[in-house]
Amino acid sequence: MKVAVIGTGYVGLTTAVSLAMNGHNVLGIDLVEAKIVQLQQGKSPIYEPGLEEALGEMLKSGTLKFTTQIADAWEAEILFICVGTPESADGTADLTHVFAAVSAVESLHRKAPRDRAVVMKSTVPVGTGDRIAELLCEIDGLHVVSNPEFLREGNALKDALQPTRIVIGTDHQDAADAMEHLYQGVSATRVSTTRANAELIKYASNAFLATRISFMNELARLSGELGTDIVTVAHGMGLDSRIGPEFLRAGVGYGGSCFPKDTIALLQLANQYGISLTILDKVREVNTKQPTWFLEQMRKQMDDVAGKRIAVLGLAFKPETDDIREAPSLKVLEALQKAGASIVAYDPIAVDIVRPLFPKVEYTDNPVEAFIGADAALLITEWKECVQLDWEEIKACMAAPFLFDGRNAWPAKQLKDAGFQYTGVGRS
């Protein structure tokens with residue numbers, strides 16, 4: 001099929017590349033000319049394992065192209081809208097880019113009419129798809145579909161090619177048929193429903209996963225007081241088929257482009273209807289306070305960090321991405337700076353993105369160098385480079401043996417036996 005993808009950010013680029021890999025002719029569209037030039041050269045503006053290699057292959061095959069002009073998509077049978085919906089000042093989703101894209105699609109369609117599906121990939125408040133459909137109701141051949149994404153950063157291309165489910169929300173059979181044809185050959189459970197249901201499935205999924213994380217983080221605080229081990233507790237919980245092992249890891253809190261923004265947007269949506277989502281409100285509160293709580297554990301061990309050299313391992317919000325949006329590391333760096341600490345930081349990918357935000361921090365391109373002369377080390381992101389270390393070498397080069405494991409990824413018993421002052425999140 002002939003497909004156009006409006007927006008070449010994280011979701012848009014992954015969507016465009018995966019659809020091209022599935023044999024469709026795809027045109028990626030973005031208003032930022034520099035980004036389009038970069039993409040045309042086969043260079044990805046984001047870090048995602050395997051994405052740049054696949055991008056280059058699809059460009060060479062001719063199944064994927066990029067442009068700044070939506071008029072070039074006049075043959076498209078399906079137009080995906082994959083633009084940003086950032087958080088507004090009041091916490092609601094800012095739909096400015098969404099409706100600008102809809103307006104551009106309407107203009108294209110009037111000049112080159114044909115049966116088309118306008119597919120919303122962007123995460124939007126419940127009712128947005130119906131609102132767009134109402135705006136376009138007098139235009140023949142243009143049908144609105146909600147098709148939310150469920151991509152995990154660091155695993156996005158695989159998730160796009162092998163999705164856990166495909167949710168299609170529309171009230172028009174031709175559009176539903178077009179979407180089924182688009183995903184023909186993709187093995188995944190289909191959920192055919194209304195646009196509103198599809199939109200809420202996306203928000204509810206992210207909110208529930210955020211809830212699991214915050215629940216474990218709160219439980220970890222209790223575990224620390226009880227002298228129990230949250231890692232063992234989580235393992236035992238996860239063996240229950242009704243619970244499962246995913247998203248039960250305690251740590252310094254969740255970040256990224258989805259969980260923080262989407263939980264707030266869902267809370268604001270509920271508020272508009274006079275509904276109180278008490279649990280979700282607490283989820284957000286726990287996550288906001290988790291980095292501060294973690295640093296309090298550090299202060300209990302070290303008394304004062306002023307003038308101390310602190311190594312911070314990991315800056316991206318999770319491994320295998322360069323995304324620092326709402327990353328716990330940013331709160332940690334800010335708090336340590338205010339406390340008068342001298343900071344050296346390492347991340348294999350995200351250093352150049354963080355550097356302009358914290359220019360006084362010292363950065364290193366080698367994880368071991370971060371430990372040299374350090375009075376303490378904090379693990380914030382569990383990159384393998386930050387976890388798989390020679391601990392004898394580390395012990396020898398540190399000024400003091402304080403380790404604070406914000407992801408419970410370091411070998412606690414081994415480190416304690418080696419003489420480190422090890423503190424995890426809710427670990428005995």
Peer 1: Quick one: CG on Leu13 to NZ on Lys35, what's the gap to the nearest 0.5 Å?
Peer 2: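 One gets 8.5 Å once the value is rounded to the nearest 0.5 Å.
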
Peer 1: Hey, what do you get for CG (Leu55) to CD (Gln40), rounding to the nearest 0.5 Å?
Peer 2: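 Rounded to the nearest 0.5 Å, the CG-CD separation comes to 10.5 Å.
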
Peer 1: Please step through side-chain hydrogen bond (donor to acceptor under 3.5 Å, both in side chains) for the pair Thr364 and Glu369, ending with a clear verdict.
Peer 2: CA-CA 7 Å; Thr364 176; Glu369 289 180 1; 2.7 Å; yes

Peer 1: Assign the ring pair Phe247 / Phe259 to parallel, tilted or perpendicular, where the plane angle (0 to 90°) is split at 30° and 60°.
Peer 2: tilted

Peer 1: Is there a side-chain contact between Asn25 and Met1 (heavy atoms, below 4.5 Å)?
Peer 2: no

Peer 1: Under the criterion side chain to side chain contact (heavy atoms under 4.5 Å, CB included), which of Thr128, Val102, Val83 is the partner of Leu95?
Peer 2: Thr128

Peer 1: Testing the 3.5 Å rule here: is there a donor-acceptor pair between the side chains of Thr228 and Ser223?
Peer 2: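 Distance-only check passes for Thr228 and Ser223.
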
Peer 1: Let's go through Thr211 and Leu280 carefully: what are the C-alpha distance in whole Å and the side-chain angles of both, what is the deciding distance for side-chain contact (heavy atoms from CB on, under 4.5 Å) to 0.1 Å, and is it a yes or a no?
Peer 2: CA-CA 7 Å; Thr211 299; Leu280 194 58; 4.1 Å; yes

Peer 1: Is a salt bridge present between Glu180 and Arg190, judged by a nitrogen-to-oxygen distance below 4.0 Å?
Peer 2: yes

Peer 1: I would like to know whether Lys308 and Asp304 meet salt bridge (Lys or Arg N to Asp or Glu O under 4.0 Å); could you show each step before the answer?
Peer 2: CA-CA 8 Å; Lys308 301 290 180 63; Asp304 190 8; over 6 Å; no

Peer 1: Might you work through the salt bridge (Lys or Arg N to Asp or Glu O under 4.0 Å) test for Arg221 and Glu225, ending with a clear yes or no?
Peer 2: CA-CA 7 Å; Arg221 299 178 192 179; Glu225 297 299 320; over 6 Å; no

Peer 1: CH2 of Trp410 to NZ of Lys416: how many Å apart, nearest 0.5 Å?
Peer 2: 14.0 Å

Peer 1: Do other residues, nucleotides or ligands put more than 12 heavy atoms under 6.0 Å from Arg131 CZ?
Peer 2: no

Peer 1: Is Arg299 paired with Asp303 through a side-chain N to carboxylate O contact shorter than 4.0 Å?
Peer 2: no

Peer 1: Would you say the side-chain atoms of Thr14 pair up with the backbone N or O of Val11, donor to acceptor, closer than 3.5 Å?
Peer 2: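 Between the backbone of Val11 and the side chain of Thr14 there is no qualifying donor-acceptor contact (under 3.5 Å).
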
Peer 1: Inspect the contact between Arg195 and Asp171 and indicate whether a charged nitrogen and a carboxylate oxygen are less than 4.0 angstrom apart.
Peer 2: yes

Peer 1: Walk me through whether Ile168 and Val145 qualify under side-chain contact (heavy atoms from CB on, under 4.5 Å).
Peer 2: CA-CA 7 Å; Ile168 298 172; Val145 178; 4.0 Å; yes

Peer 1: Does the distance from a Lys or Arg side-chain N to an Asp or Glu carboxylate O, for Lys202 and Glu149, drop under 4.0 Å?
Peer 2: yes

Peer 1: Could you check whether Glu296 pairs with Lys300 (Lys NZ or Arg NE/NH1/NH2 to Asp/Glu carboxylate O, under 4.0 Å)?
Peer 2: no

Peer 1: Evaluate side-chain contact (heavy atoms from CB on, under 4.5 Å) for Val344 paired with Phe371, printing each intermediate quantity in order.
Peer 2: CA-CA 8 Å; Val344 55; Phe371 288 91; over 6 Å; no

Peer 1: Report the distance from atom NZ of Lys282 to atom CG of Asn287, rounding to the nearest 0.5 Å.
Peer 2: 12.5 Å

Peer 1: So is Arg165 actually on top of Phe150's ring, under 6.0 Å and inside 45° of the axis?
Peer 2: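 Geometry flag: set, cation within 6.0 Å and 45°.
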
Peer 1: Walk me through whether Thr96 and Asp94 qualify under side-chain hydrogen bond (donor to acceptor under 3.5 Å, both in side chains).
Peer 2: CA-CA 6 Å; Thr96 302; Asp94 183 347; 2.6 Å; yes

Peer 1: Taking NZ, NE, NH1 and NH2 as the nitrogens, is one of them in Glu362 or Arg355 under 4.0 Å from a carboxylate oxygen of the other?
Peer 2: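 Between Arg355 and Glu362 there is no salt bridge, as every charged N stays at least 4.0 Å from the carboxylate O atoms.
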
Peer 1: Which heavy atom in Phe358 sits nearest to a heavy atom in Tyr363, and how many Å separate them?
Peer 2: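 Residues Phe358 and Tyr363, closest heavy atoms: O-OH, 2.8 Å.
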
Peer 1: Is there a donor in the side chain of Tyr422 and an acceptor in the side chain of Asp417, or the other way round, less than 3.5 Å apart?
Peer 2: no

Peer 1: Decide side-chain contact (heavy atoms from CB on, under 4.5 Å) for Asp375 and Met302; before the verdict, give the C-alpha distance in whole Å, the side-chain angles of both, and the deciding distance to 0.1 Å.
Peer 2: CA-CA 9 Å; Asp375 297 292; Met302 298 184 65; 4.2 Å; yes

Peer 1: Look at the aromatic rings of Trp383 and Tyr47 and report parallel, tilted or perpendicular, splitting at 30° and 60°.
Peer 2: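 Plane angle between 30° and 60°, so tilted.
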
Peer 1: So, Glu48 and Arg152, do they make that salt bridge, N to O below 4.0 Å?
Peer 2: no

